[in-house]
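Dropping the structure in here first, questions after.
Quick note on labels: first sequence line is chain A, next is B, and so on, each numbered from 1. Both backbone and side-chain heavy atoms feed into the values below; hydrogens, waters and symmetry mates do not. This is a predicted model, so every value here is computed, not measured.
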Amino acid sequence: MPENAVEVRGLVKRFGDFHAVDDVSFEVSRGEIFGFLGPNGAGKSTTIRILCGLLSPTAGEARVGGYDVATEAEQVKENIGYMSQKFSLYDDLAVEENIDFFSGVYGVRREIRETRKEYVLKMAGLENRRGDMTRLLAGGWKQRLALGCAILHEPPILFLDEPTSGVDPIARRTFWDLIYQLAEAGNTVFVSTHYMDEAEYCHRIALMYRGRIVALGAPAELKRSLNLPSMEDVFISRIEEEERRTA
Amino acid sequence: MTFRRYRAVAKKEFLHILRDWRSLFAALAMPLVLLLLFGYALTLDVDRIATYVYDQDGTPESRELVERFRGSRYFDVLAMVGDYQTVERGIDTSRILLGVVIPNDFSSNVLSGKEADVQLLLDGSDSNTASLALGYAEGLMQMYALEVQNRAQNQKGMGHPGPAVDARIRVWYNSELQSKNYIVPGLIAVILMIIAALLTSLTIAREWENGTMEQLLSTPLRPAELLLGKLSAFFVLGLVDTVIAIFVGVVVFEVPLRGNPLFLLAASSIFLFGALCWGILISTVARSQLMAYQMGILSSFLPAFLLSGFVYAIENMPPVIRLLTYIIPARYFVTILKGIFLKGAGPEVLWGPLALLCVYAAVVFFLATKRLRQKVA
Amino acid sequence: MAIIRTENLTRRFGERTAVDGLTLEVEKGEVFGLLGPDGAGKTTTLRMLCGLLDASAGAAWVADYNAAENADAVKDRIGYMAQRFGLYGDLTVEENMHFYSDLFGITGAERVRLMAQYLEMTRMEPFRNRPAAKLSGGMKQKLALMCTLLHKPQVLFLDEPTNGVDPVSRRDFWTILYQLVEGGMTVFVTTAYLDEAERCDRVALMNQGRLIRSGTPDQLKSSLDEVCYEVKCADPRAVRERLQTQAGVLSVEPAGAALHMFLAPDVPVEPLRSLAGAGCSFERITPSLEDVFIALIRKEEQSAGKRG
């Protein structure tokens with residue numbers, strides 16, 4: 001596998017005359033937790049969908065795990081796990097049935113299916129609730145189960161699209177703990193969020209605003225270079241500068 | 001009840017209707033499309049029935065009967081055949097619908113005034129068409145038999161001509177006996193019921209789904225104001241649909257409109273109001289737009305179609321079902337529409353069903369305002 | 001004088017008690033925050049205060065009217081902004097405002113004046129003819145706020161108002177709220193954002209339907225008996241595991257790249273420092289509201305566990 005898990009150069013996605021992603025370039029190295037921050041509608045989800053091969057870019061190039069997302073989407077999909085904003089679980093299936101289903105979809109080898117299932121159940125803290133209907137789970141558990149289902153096939157690169165939205169602070173902390181575990185095990189985690197305080201949890205972040213990256217770097221570095229106390233302040237100052245520039 | 005709040009809702013609903021031009025177009029095209037589809041599909045007249053004749057008799061009398069079949073616009077005699085097998089094969093292969101077999105004692109029976117049996121073989125797989133074909137054939141043969149008997153009696157020169165059997169049937173109101181004339185007014189009722197229920201059944205469920213209902217509940221808006229406001233907007237749309245449906249009925253299907261058009265519009269308005277209220281009632285019960293839609297279709301289309309008496313005669317239904325028809329508003333509206341269209345009847349005749357429609361509208365509106373939740377849970 | 005008052009306010013949904021004997025008071029002119037994790041009963045409380053939901057037991061008074069018995073009087077005196085804003089996406093900014101003005105009976109010159117004033121205050125004037133569906137999250141939020149302000153309510157209820165809104169809009173939104181409070185309005189806001197809670201005059205912390213503690217943010221932060229340290233090190237997970245099992249260590253939580261460690265009072269920190277290793281820095285800090293929140297909920301659940 002190449003040094004960089006994700007490489008994006010000059011990526012553009014237009015919907016009609018709306019530039020959802022407007023000339024975006026960045027790299028994510030292996031084992032990194034890379035945060036994608038920005039308000040709703042900034043273009044975070046669109047970028048992630050392009051990187052997962054779910055959307056074709058209008059222009060530019062993106063490579064994930066060394067494969068071109070536009071021409072080698074199949075290989076890309078084998079190397080990634082994707083957890084969408086909506087936690088794509090089946091509410092009317094039991095916890096275990098959801099895991100079995102996704103095992104099947106990802107083509108997890110039969111011999112290791114049981115081990116993977118137990119691993120995911122343990123990770124999500126759902127060992128004693130394996131037979132419960134998914135709709136009965138509270139937000140935090142559902143979110144961890146969705147994460148578990150996305151990593152059943154042990155993908156080296158993980159894309160998490162707003163995994164913590166609508167989840168309370170305690171569940172958020174637990175979730176970030178899981179993300180750290182995965183990163184320590186050598187996975188690359190690409191996570192988007194609109195909670196500014198979560199920026200501090202990432203190794204490096206990109207701030208997105210109106211389809212563009214307005215800041216890129218390690219959180220501490222960004223704060224230091226702008227001499228600001230919090231990421232929220234960094235974001236506000238970058239947006240205001242961006243608006244002055246375009247005005 | 002404040003007029004201002006009612007008007008605010010009505011205005012907002014109008015804006016929704018005008019903004020969503022796709023739905024608006026669909027709502028306006030619906031009566032046209034449905035009426036054309038159902039109108040042509042349901043027309044029950046049977047024309048040019050494909051027929052084989054097997055004449056075993058071969059007499060002038062039997063040949064005359066064959067000529068009668070040939071001359072009728074209802075029958076199309078494709079061939080004269082010489083055996084049963086050909087007739088049966090014709091029916092099996094759906095080449096023909098009717099086989100007429102004239103037995104060799106036909107003329108002697110006819111002339112002696114005895115029962116003259118003619119065998120009719122029918123493809124009964126479409127029983128409706130078959131029974132119509134049977135009816136036409138029997139009618140034709142009866143007329144012929146009567147004529148032949150009259151002629152025979154006259155020829156015998158009996159003292160005075162026997163009482164000429166003169167079975168002259170007069171069909172009132174629909175003298176051309178065209179089924180479209182009673183199908184189309186009935187259809188207008190069914191279609192208005194569907195459209196009205198569909199228009200309104202989504203409207204409250206949508207407010208819940210969009211989260212706007214919760215906001216409305218936090219204002220002084222009363223249930224009756226909300227419902228009346230919504231009804232007013234959809235009423236205007238429904239009335240335009242009514243006019244389109246009547247126009248298509250009169251112009252495309254050439255159904256005679258013998259009554260007063262203004263009375264027709266007034267009666268339609270009452271029905272429309274009740275039907276819209278029904279949609280609203282569904283909307284207050286349904287949890288989602290999808291569920292509202294399904295309930296709307298099922299509860300408007302099926303009863304109006306099956307139990308209003310517009311195709312299926314209510315008198316022929318089992319007693320329980322017949323009782324059920326009394327709570328179907330379309331039943332009354334079908335009666336009213338047929339009355340106005342075909343008989344030119346006015347309020348002095350139709351006040352009964354009209355009053356029942358009013359009662360229906362009032363009851364459903366009352367239920368809807370009661371059902372509309374004023375709390376989040 | 002309390003403008004919002006609840007007494008033993010309770011709401012059950014079947015078996016589940018969503019709000020359990022809540023008693024609180026909010027003074028006129030306060031910004032009051034109701035905090036809690038998901039399912040704590042915040043939204044249910046808010047809805048009962050706004051007369052949108054009946055209480056199973058207890059009572060609530062808003063602006064001296066009983067929220068259950070006099071729901072209409074309450075509705076005339078409050079503005080309520082639901083989580084989902086309650087805007088009509090196909091209507092323009094102005095049409096949405098006109099609609100709510102009509103519902104509240106704001107007419108004529110007063111309407112013209114108020115609409116102009118609010119559009120100016122929120123800097124939404126250029127977008128007055130844009131359909132609400134085409135506004136950004138921040139602008140939708142401002143529009144929803146304007147619609148709830150048209151009848152000049154005495155109390156403004158906001159249910160998780162800034163969820164998913166960008167920081168600039170969030171800051172602007174709070175600036176507007178402070179302007180309103182200066183004009184004498186009371187603001188009651190629910191949130192799971194702890195940094196938002198810091199902006200409130202007073203907060204109440206809820207968990208599983210019950211009120212755990214209330215006070216000013218500073219009071220809450222200093223109310224914690226335990227001592228909080230920020231631990232920075234190269235391998236926080238390993239350090240966390242080592243520290244967690246020590247006597248006197250109540251919890252070690254990841255906080256960004258660092259760890260926040262809570263010690264019972266009078267537990268010496270030096271042994272822990274040497275246990276963690278040379279590369280680690282320990283710094284005594286005032287816990288953030290989030291730390292307090294998590295610590296209090298942890299305690300609550302531990303005591304509930306003991307009881308159960």
Side-chain angles (χ1 to χ4, degrees), chain A residues 18 33 35 37-42 85 138-143 162 164-181 183-185 193-203 207-210 214 218-220 230-240 242-243, chain C residues 35-40 42 83 134-141 160 162-172 191-198 205-208 232 235-238 240-241 251-260 288-298 300-301:
Chain A
F18 172 64
I33 300 178
L37 273 79
N40 292 345
Q85 243 171 39
W141 271 285
K142 221 183 236 185
Q143 168 208 41
E162 308 232 352
T164 53
S165 89
V167 174
D168 66 64
I170 298 178
R172 266 165 62 193
R173 282 199 176 179
T174 320
F175 192 79
W176 274 96
D177 217 20
L178 285 178
I179 293 181
Y180 274 103
Q181 282 182 37
E184 274 164 28
T193 177
H194 61 252
Y195 293 102
M196 289 306 131
D197 56 339
E198 291 188 347
E200 313 274 358
Y201 293 76
C202 303
H203 297 135
L207 279 186
M208 255 195 126
Y209 185 67
R210 297 196 181 156
V214 295
S230 75
M231 278 315 293
E232 179 134 357
D233 295 321
V234 169
F235 199 9
I236 290 175
S237 96
R238 293 299 301 142
I239 288 178
E240 281 177 345
E242 186 75 10
E243 277 180 348
Chain C
L35 305 187
D38 294 336
K42 306 186 297 285
Q83 264 177 47
K134 294 206 169 138
L135 297 174
S136 74
M139 288 198 271
K140 272 185 196 151
Q141 180 200 39
E160 310 232 358
T162 57
N163 222 344
V165 167
D166 69 86
V168 177
S169 303
R170 209 140 74 91
R171 189 195 55 185
D172 291 352
T191 182
Y193 262 114
L194 276 301
D195 55 344
E196 199 150 270
E198 305 258 12
L205 184 59
M206 265 183 105
N207 189 42
Q208 297 187 348
K232 284 185 176 155
D235 187 5
R237 277 188 53 78
R240 183 183 173 203
E241 256 158 51
S251 77
V252 185
E253 308 278 349
L259 297 169
H260 284 183
S288 71
L289 209 46
E290 179 160 323
D291 292 324
V292 174
F293 175 87
I294 287 174
L296 286 176
I297 285 176
R298 188 189 61 233
E300 175 81 6
E301 296 197 330

ask   = Is the CH2 atom of A:Trp176 crowded by more than 12 outside heavy atoms at less than 6.0 Å?
value =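 Yes, CH2 of A:Trp176 has more than 12 neighbouring heavy atoms, counting only those of other groups under 6.0 Å.
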query = What residues, two or more places apart in sequence or in another chain, satisfy side chain to side chain contact (heavy atoms under 4.5 Å, CB included) together with C:Ala295?
reply = C:Leu224, C:Glu226, C:Phe262, C:Arg298
task = Go through A:Arg172, A:Arg173, A:Glu232 and name the one with the most non-hydrogen pairs under 4.5 angstrom from chain C.
result =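 The answer is A:Arg173.
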request  = Would you mind checking which part of A:Glu184 comes under 4.5 Å of any heavy atom in chain C, side chain (CB onward), backbone (N, CA, C, O), both or neither?
outcome  = side chain
key: Heavy-atom proximity to chain C below 4.5 Å, by part of A:Ile236   =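 Looking at A:Ile236, backbone and side chain both touch chain C.
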request  = Output all residues satisfying side chain to side chain contact (heavy atoms under 4.5 Å, CB included) with A:Ala218, sequence neighbours left out; order by chain, then residue number.
outcome  = A:Arg204, A:Glu221
task = Kindly check if the number of other-residue, nucleotide or ligand heavy atoms within 6.0 Å of CZ (A:Arg210) is above 12?
result =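 At most 12 heavy atoms, drawn from other residues, nucleotides or ligands, come within 6.0 Å of this atom.
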